[in-house]
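Report on one structure; see the data block that follows.
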Amino acid sequence: MQNLWNDSDVLKPSGGHDMPPELSELVYASRLLGRESSLVMHGGGNTSVKTQLHDIIGNGVNVIFIKGSGVDLADVNAHDFTPVRIDPLQKLQHLYATGERKSDEDIQRFSTREFKHFLYLNLFQLTDHMVSNALTPSIETLLHAFLPHRFIFHTHSLAFLTLSNQPEGETLCREVLGDGFGSVPYIKPGLGLARYAAKAFDADPAIHGLALHKHGLVTFGNTAREAYERMIAAVSALESSIAASPRGVLPPAALPASLPPVEDVAPVIRGACVEEKEPGTKDYDQFILDFRSSNRILEYVNCRDLAEMSRKGAMTPDFIVRTKNRPLVLPAPDAADMAGFKMAVHEAVRQYREEYEAYFTLQKAATGSDACMLDSLPRVVLVPGIGLFGLGRTAKAARVNADIAAGSAAAILDAESIGTFRSITDREAFDIEYWEMEQAKMQKVRHLAFAGKVAMVTGGAGGIGLATAKAFKQMGAEIVLLDLHMDGLERAAEELGGGVLAMTCDVTDRNAVRAAFQAACRRFGGVDIIVSNVGAALQGRIGEVPDEVLRKSFELNFFSHQSIAQEAVRVMKLQGTGGVLLFNVSKQAVNPGPDFGPYGLPKAATMFLVRQYALDHGRDGIRANGINADRIRSGLLTPEMIKARSAARGLSEREYMAGNLLQLEVTAEDVADAFVHLALEKRTTGSITTVDGGNIAAALR
């Protein structure tokens, strides 16, 4: 592993009279470690520095700045480190070291009930940043506090875990790391681990690090650079040892002659890994999928003993709270029998859930825990011949789980090729998964109404389309944005704040539409909500309009909606969890205007298309609804058109745009809100909602 330290890159102090300069070193070193995915992943790892601050009356106070629980080291800043008074923590260490507190019951009570409150009560200060981001001191605070060193770094090096997670792991690690590292057997993080770490240092104060077996690697230093360079040197030695070891070959499994593309596999998996919110409602909590494949991943998922290996557990306890202790392993899909694959996936998920529930019941009884079971669905799915999927309620969570799974796959391959991978026991995994301090990391997240949903919006680069995409994103949906021109899409995606799949797509081209859905399935695993929004107001007197104008209008204003809806239904049926089709129709469908026949005729057909989809696909749990909007500033109703129409009627532009019963201008945001409302209405289908401020002539009834 490359040493990237450069003194000239160390950040300047971040400001604030309470921010000591050594925090700049800590931030710089933490980011270097965090950007190495083989060292830490997504909120993992911990770094700290001991220093002194002054309270409001000028008294010096010894504190430890430690990374907030769950914060990513890769982009950590000085305000992400929580300052905790260190003297009470070291007093606690003294009580246990002298035997004043020592019973197993006392330690257990402290670890499960007192620990969190003890850390909170000893915060030196509670900043606005800590409150707004729900930052709490790391669960490893006591380990850092019980050791005397100024800078302490803790990573979950995959190279270390590859050797540590072996039957003779402690011996293997000692042979590579030498006498410079103390050895700590696996023990649950918290007070117990902190005490063992302190004992290891007391036994040999000359060490400059600790090997926490089946957990992680710790290095110390008087400076951040010293602790960082010791970490890099140790990991480099571990990597070299693994590379030099004789490599075994894992025998591959037999695969079907023809494998389906991932865009056909993902919706099946996504549809099987759901939980109905209430029985019989057909309303599901769903996951976003993140797909990964590489030569290493395929070597792992294609090995003959994958099912057995997958049951050996996680690389490190820190992964369990996100990914569960085991992934779901599926049979290899056969392109010639996708119906059989779908049945096999649902059966595999059913068995996975049964096994998880049995694991929870057994371990809850064995530990005397009063925990309530989390959902029993997998967070990682392994598919021979295809790759792996991370599952999460958001695209970010899915990406985190996929990153962990991909890193673990490579490390487990190394572990199996040089020996035998062996993780912690089910009992130890349960203690971590259902430990309140670990669950607190995940409970910080509050999911919005459309979390786990994927919304595709056509004509999404401006006007109603962009407003609608914003509205769904604000409610937690992942967004697929389609439009004709990439420059407009890029501006729209930037305005939406990133994480958007933006694609050029001519919606009158069926192949382009199919490609857009395939891309959505590859990126997010499927689609749930379609807003078919594209349209153009072609004009002409109906008795004189050329055929090519009318046909062009039907291609865009009717057949594009049909193409989008058909492709959506295909994917939604693969998922089997229903879906929502939303169409931007027009008041022209029921209240035609003179010389607008080329626009109104296909829009009238589209209104009946909405009802036909409601009629034919309600049995599939797919709802179809439409919006009839009028006088919305957009690509259809341009500033030039508004000016001309208002002048022709002898009205001001304001009077023209507010020419409705409410005498209020209707905006693109009003239409977007209506689309969101229809998507939330679980028992509404075949409905056409007017968004026009009131127009009796356009009222449906």
Side-chain angles (χ1 to χ4, degrees), residues 22 26 30 45-53 61-69 81-104 106-124 136-156 180-222 224 226-227 230-231 317-318 431-432 435 437-438:
E22 51 264 47
L26 182 63
S30 299
N46 291 287
T47 57
S48 70
V49 63
K50 298 179 180 73
T51 186
Q52 189 176 78
L53 298 177
V61 179
N62 296 319
V63 302
I64 180 170
F65 276 97
I66 190 160
K67 188 206 74 169
S69 182
F81 289 89
T82 57
V84 184
R85 297 173 186 269
I86 201 168
D87 292 343
L89 308 188
Q90 293 179 337
K91 172 67 173 177
L92 180 71
Q93 178 187 10
H94 176 76
L95 291 176
Y96 281 106
T98 58
E100 292 182 53
R101 294 187 68 166
K102 63 181 180 179
S103 72
D104 290 341
D106 179 78
I107 293 172
Q108 177 68 18
R109 183 176 63 254
F110 179 87
S111 296
T112 56
R113 296 180 183 175
E114 298 177 23
F115 186 13
K116 178 174 66 175
H117 304 297
F118 182 72
L119 294 181
Y120 287 161
L121 289 171
N122 285 292
L123 280 171
F124 175 77
T136 57
S138 166
I139 61 174
E140 301 288 14
T141 299
L142 294 183
L143 184 148
H144 290 245
F146 284 14
L147 295 168
H149 310 84
R150 191 171 179 224
F151 287 89
I152 299 178
F153 298 157
H154 174 192
T155 75
H156 304 131
F181 279 76
S183 183
V184 179
Y186 177 78
I187 186 171
K188 175 183 171 181
L191 174 61
L193 178 59
R195 294 177 64 223
Y196 270 82
K199 286 179 181 178
F201 173 74
D202 290 342
D204 185 1
I207 60 174
H208 50 253
L210 292 172
L212 311 180
H213 287 283
K214 300 185 179 182
H215 183 172
L217 198 60
V218 176
T219 55
F220 335 123
N222 191 50
E226 185 176 45
R230 285 172 171 172
M231 180 67 69
D318 284 65
D431 285 343
I432 289 294
W435 185 26
M437 292 292 289
E438 283 286 14

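The figures here come from the full heavy-atom set of this structure, side chains too, leaving out hydrogens, waters and symmetry mates.
- With Q52 contributing its side chain and N62 its backbone, the two residues share no donor-acceptor pair below 3.5 Å.
- In this structure H154 satisfies the ring pair (Phe, Tyr, Trp, His ring centres under 6.0 Å) test together with H156, H215, sequence neighbours excluded.
- Formation of a donor-acceptor pair under 3.5 Å by the S30 side chain with backbone atoms of T47 is not found in this model.
- Residue pairs meeting the salt bridge (charged side-chain N to carboxylate O under 4.0 Å, His left out) criterion with at least one partner in residues 210-219, sequence neighbours excluded, are absent.
- Under the rule for a salt bridge (charged side-chain N to carboxylate O under 4.0 Å, His left out), R85 has no partner lying at least two apart in sequence or in another chain.
- Here the side chains of L89 and L142 are in contact, with some heavy-atom distance below 4.5 Å.
- For the pair L26 and F151, the minimum side-chain heavy-atom distance is below 4.5 Å.
- Evaluation of the side chain to side chain donor-acceptor pair (under 3.5 Å) rule for E226 yields R230 as partners, not counting sequence neighbours.
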Checking I432 against K188 for the side chain to side chain contact (heavy atoms under 4.5 Å, CB included) test, could you report, in this order, the C-alpha distance in whole Å, the side-chain angles of both residues, the deciding distance, and whether it holds?
CA-CA 7 Å; I432 289 294; K188 175 183 171 181; 4.0 Å; yes
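- A distance of 10.0 Å separates CZ of R195 from CD of Q93, quoted to the nearest 0.5 Å.
- Here the side chains of I207 and L210 are in contact, with some heavy-atom distance below 4.5 Å.
- Taking every heavy atom of both residues into account, L147 and A197 meet most closely at CD2-O, 3.8 Å.
- Note that CG of L95 and NZ of K91 are 5.0 Å apart. Values are rounded to the nearest 0.5 Å.
- Closest approach of G68 to T82, counting heavy atoms only: CA-CG2, 4.2 Å.
- In this structure, the side chains of Y186 and P317 come closer than 4.5 Å at one or more pairs of heavy atoms.
- Side-chain contact between W435 and I139 is present, with at least one heavy-atom pair separated by less than 4.5 Å.
- Here the shortest heavy-atom pairing between L217 and A211 reads CD1-CA, 4.2 Å.
- Taking CG of N46 as the start and OG1 of T141 as the end, the distance is 7.5 Å to the nearest 0.5 Å.
- Partners of H149 according to the ring pair (Phe, Tyr, Trp, His ring centres under 6.0 Å) rule, which considers only residues two or more places apart in sequence or in another chain, are F201, F220.
- Contacts of F81 classified as ring pair (Phe, Tyr, Trp, His ring centres under 6.0 Å), with partners at least two apart in sequence or in another chain: none.
- Side chains of I152 and V49 form no contact here, defined as non-hydrogen atoms less than 4.5 Å apart.
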Side chain to side chain contact (heavy atoms under 4.5 Å, CB included) between V218 and L212, intermediate numbers included
CA-CA 7 Å; V218 176; L212 311 180; 3.7 Å; yes
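- Side-chain atoms of T219 and H208 include no donor-acceptor pair closer than 3.5 Å.
- A distance of 9.5 Å separates CZ in F118 from CG in L191, rounded to the nearest 0.5 Å.
- The CZ atom of F146 sits 10.0 Å away from atom CD1 of I86, with the distance rounded to the nearest 0.5 Å.
- Contact between G221 and A227 at its shortest, heavy atoms only, is N-CB, 3.8 Å.
- With respect to K67 and E140, no salt bridge is recorded, no charged nitrogen being found less than 4.0 Å from a carboxylate O.
- Between L53 and F65 there is a side-chain heavy-atom pair separated by less than 4.5 Å.
- Looking only at side-chain heavy atoms (C-beta outward), M231 and T155 come within less than 4.5 Å of each other.
- Inspection of the S69 and S138 side chains reveals no N or O donor paired with an N or O acceptor under 3.5 Å.
- Remark: D87 CG to I64 CD1 distance equals 12.0 Å, nearest 0.5 Å.
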